[in-house]
Every structure is written in structure tokens, then in C-alpha cells.
Amino acid sequence: NEKPQSPKQSVGPDYRPEKQKPTATVSTEVSFDNVHILPQTPQLIALLTMIRDKNTDRADFIFYSNRIIRLLVEEGLNHLPVVEHTVTTPVGRTYAGVMFQGKICGVSIMRAGEAMEQGLRDCCRSVRIGKILIQRDEETSQPKLFYDKLPEDIADRWVLLLDPMFATGGSAAMAVEVLKSRGVPEDRILFLNLIASPEGVANFCKKFPKLRVVTAFIDQGLDEKNYIIPGLGDFGDRFYTM
Ligand code: PRP
Ligand code: URA
């Protein structure tokens, strides 16, 4: 069950000579237009290196995960529609800018997805947040839906769906079905996650071609227990209990 190796690439700004840049494993590319991978900058790779390290303690795991989550939220917000908006500056000149138009909400897939809520709140004050409790069966890797509580007007909102780990894609697909059953159109859902597997992304994108995925990294694949490899282990355990 040999997986294709993830690409290695020199990491650093373009102006720096190649031989002065270290090489690192970077995200696998995928050919789906609706998947956006964060730029593989030295910062992002260093943050991912910290959270992937099995020797990173819980406090550091939380701190560095939160920094990546912030990058994901900022990038996710770029995919929301804006309209032209001109303002007058304190020196009496105008600036032709844009502003977001529309309503949003976050929806976290519990438990690990709740770790991304604060990053969303840091960018969108008083954002409404719904919850869907889905747990993956440890033996079969099949997702099971236990509970959901979503804003009543969710069908009128853009939804930022939050879950750090995107392995088989089963949990995320189940969450999307819940959102669609409440009237949220697929093209108004943005799924934000830290690490994805190529097979999870492929299955999911074929099923939901209009939904946008924003991820920090597409990894090499899945192991025999459907854990992402090289991955970072169990995100929920490392963030909440280890
Ligand atoms: C993890 C993770 C995702 C899911 C990913 O949650 O947070 O929800 O597994 O796997 P999948 O893509 O194969 O469905 P888990 O069910 O382990 O619960 P947790 O959040 O409590 O850790
Ligand atoms: N859930 C996790 O937390 N990690 C994985 O690698 C897969 C599912």
C-alpha cells in the first residue's frame, strides 16, 4: 500500500537564491478548481512542523494550531462576495474599497472543529456558530451523527464549516448533508480545514462540486486505520485532552 511521496520544494521568498533555501515537504497539488491550498510559505510550513511533531506539548499544539486556523479563516473570508464601497479618509480624500455584503455563520463539527471557533470569532465579532456532533467510529471509520443545533436562518447565510482534519471525508460529507437539508445551497458553504488527504478531497469534491474547500495542506494519504499520513495524529485528543 505504498502511497506516492508528497513533493519536496525549497521554501522561502522568490528573491532568495535557491541554494540558500531549505527544502521541505509541501502540500500535494490537486486538480479541483474548488480546492484552495494556503500558500506554502516558510511560516506555514514551520507552524505545521510544530503541530505535526509528536513531542510538541499541548500548550504549543494549541498555540501553533491557532495560528494556522487564523490563516485559514482569513483566506476563507476572501471567498465571500464583496461590493464596492467608497469611504472618506480623515484628510478629506476618498478611497474606493470594498465591503462584505451578506450574512455568515460558522458551523463546527464537534469535537475537533470547535477548536476553530475562536479563530473565526477573532475575525468576525459576534458571529453566530452552529454545532454538529459527528463522531467517527474507531473500528469502521464511518461517521455517526448525534446532534445538531444550527441558526434558524442558516439557509440565508454563508456557512463556514469548521473541522481541522479531513481524512476519508465521511464526517464532512455528513455535515454538508445536514446543512443542505436545512436549505443551505452547496455553493454557499466553505469548508475550512488544516490537513486533508488526497482521497478525502477527491471523494468530497466529486460529491459536492460547488462547495469550496480551503485547506492548509494536502498530505500523502491515509493509513490502515484511516488516519492521515504523515498527519498529526488525533487532533481532538492533542488539542483537548493529551
Ligand atoms: C475527526 C476529525 C473529523 C474526522 C475526520 O473527528 O475531527 O471530524 O475525524 O475523519 P473523516 O474525514 O474520515 O470522517 P473524530 O470523529 O475522531 O472526533 P473528535 O473531533 O472528537 O476527535
Ligand atoms: N481524525 C484525526 O484527528 N486525525 C486523523 O488523522 C484522522 C481523523
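Order of appearance sets the numbers: ligands from 1, and atoms from 1 within every ligand. This is a predicted model, so every value here is computed, not measured.
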K.L.:
Tell me whether the guanidinium CZ or amine NZ of R52 lies under 6.0 angstrom from the six-membered ring centre of F217 and within 45° of its axis.
P.N.:
yes
K.L.:
Listing by chain and number, which residues have a heavy atom under 4.0 Å from ligand 2?
P.N.:
R136, M165, A167, N226, Y227, I228, G233, D234, F235
K.L.:
Any idea which protein heavy atom is nearest atom 20 (O) of ligand 1, and the distance to it?
P.N.:
A112 N, 2.8 Å
K.L.:
Please walk me through it: do R111 and D237 pass salt bridge (charged side-chain N to carboxylate O under 4.0 Å, His left out)?
P.N.:
CA-CA 9 Å; R111 145 195 80 151; D237 285 355; 2.8 Å; yes
K.L.:
If you compare all heavy atoms of A173 against all heavy atoms of K207, which two are closest, and at what distance to 0.1 Å?
P.N.:
CB-NZ, 4.2 Å
K.L.:
Looking at atom 1 (C) of ligand 1, would you say a protein heavy atom lies below 4.0 Å from it?
P.N.:
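No, because not a single protein heavy atom sits under 4.0 Å from atom 1 (C) of ligand 1.
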K.L.:
Taking 4.0 angstrom as the limit and counting only heavy atoms of G169, give me the atoms of ligand 1 inside it, by number and element.
P.N.:
11 (P), 12 (O), 13 (O)
K.L.:
Cation-pi between R136 and Y227: NZ/CZ under 6.0 Å from ring centre and within 45° of the ring axis?
P.N.:
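Checked: cation-pi criterion met.
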K.L.:
Mind checking ring pair (Phe, Tyr, Trp, His ring centres under 6.0 Å) for Y64 and listing every partner two or more places apart, or none if nothing turns up?
P.N.:
none
K.L.:
Assess, by modelled atom type and distance only, whether the side chains of N193 and T215 contain a donor and an acceptor separated by less than 3.5 Å.
P.N.:
yes
K.L.:
Would you say atom 6 (O) of ligand 1 makes contact with the protein, given that contact here means a non-hydrogen protein atom less than 4.0 Å away?
P.N.:
no
K.L.:
Are F191 and F208 close enough that their ring centers fall under 6.0 Å?
P.N.:
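Between F191 and F208, the centre distance exceeds or equals 6.0 Å.
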K.L.:
Could you identify the single nearest non-hydrogen protein atom to atom 22 (O) of ligand 1 and state the distance to 0.1 Å?
P.N.:
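The answer is R111 NH2, 3.1 Å.
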K.L.:
Identify, for atom 4 (C) of ligand 1, the protein heavy atom at the shortest distance, and state residue, atom and that distance.
P.N.:
S171 OG, 3.5 Å
K.L.:
Decide whether an N or O pair under 3.5 Å exists between M165 and ligand 1.
P.N.:
no
K.L.:
What protein heavy atom sits nearest atom 10 (O) of ligand 1, and how far off is it?
P.N.:
R136 CD, 3.2 Å
K.L.:
Looking only at heavy atoms, what is the nearest atom pair of A172 and L161, with distance?
P.N.:
O-CD2, 4.3 Å
K.L.:
How far is atom 18 (O) of ligand 1 from its nearest protein heavy atom, and which residue and atom is that?
P.N.:
Q135 NE2, 3.2 Å
K.L.:
Measure the shortest side-chain to side-chain distance between H79 and V214 over non-hydrogen atoms and say whether it is less than 4.5 angstrom.
P.N.:
yes
K.L.:
Let me know which of Q20, R16, E18, K19 forms a side chain to side chain donor-acceptor pair (under 3.5 Å) with S10.
P.N.:
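Exactly one option meets the side chain to side chain donor-acceptor pair (under 3.5 Å) with S10, and it is E18.
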K.L.:
My understanding is that we take every heavy atom of each candidate and find the minimum distance to atom 8 (O) of ligand 1. Doing that for N226, D163, N193, N203, which one comes out nearest?
P.N.:
D163
K.L.:
State the SG-CD1 distance between C124 and I104, to the nearest 0.5 angstrom.
P.N.:
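C124 SG to I104 CD1: 3.5 Å, rounded to 0.5 Å.
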K.L.:
If the threshold is 4.0 Å, N to carboxylate O, is there a salt bridge linking D153 and K103?
P.N.:
yes
K.L.:
Of the backbone atoms (N, CA, C, O) and the side-chain heavy atoms from C-beta on, which set of D234 has a member under 4.0 Å from an atom of ligand 1: side chain, backbone, both, or neither?
P.N.:
side chain
K.L.:
Which of the listed options, T168, L162, I109, holds the heavy atom that is closest to atom 13 (O) of ligand 1?
P.N.:
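Going through T168, L162, I109 one by one, T168 has the nearest heavy atom to atom 13 (O) of ligand 1.
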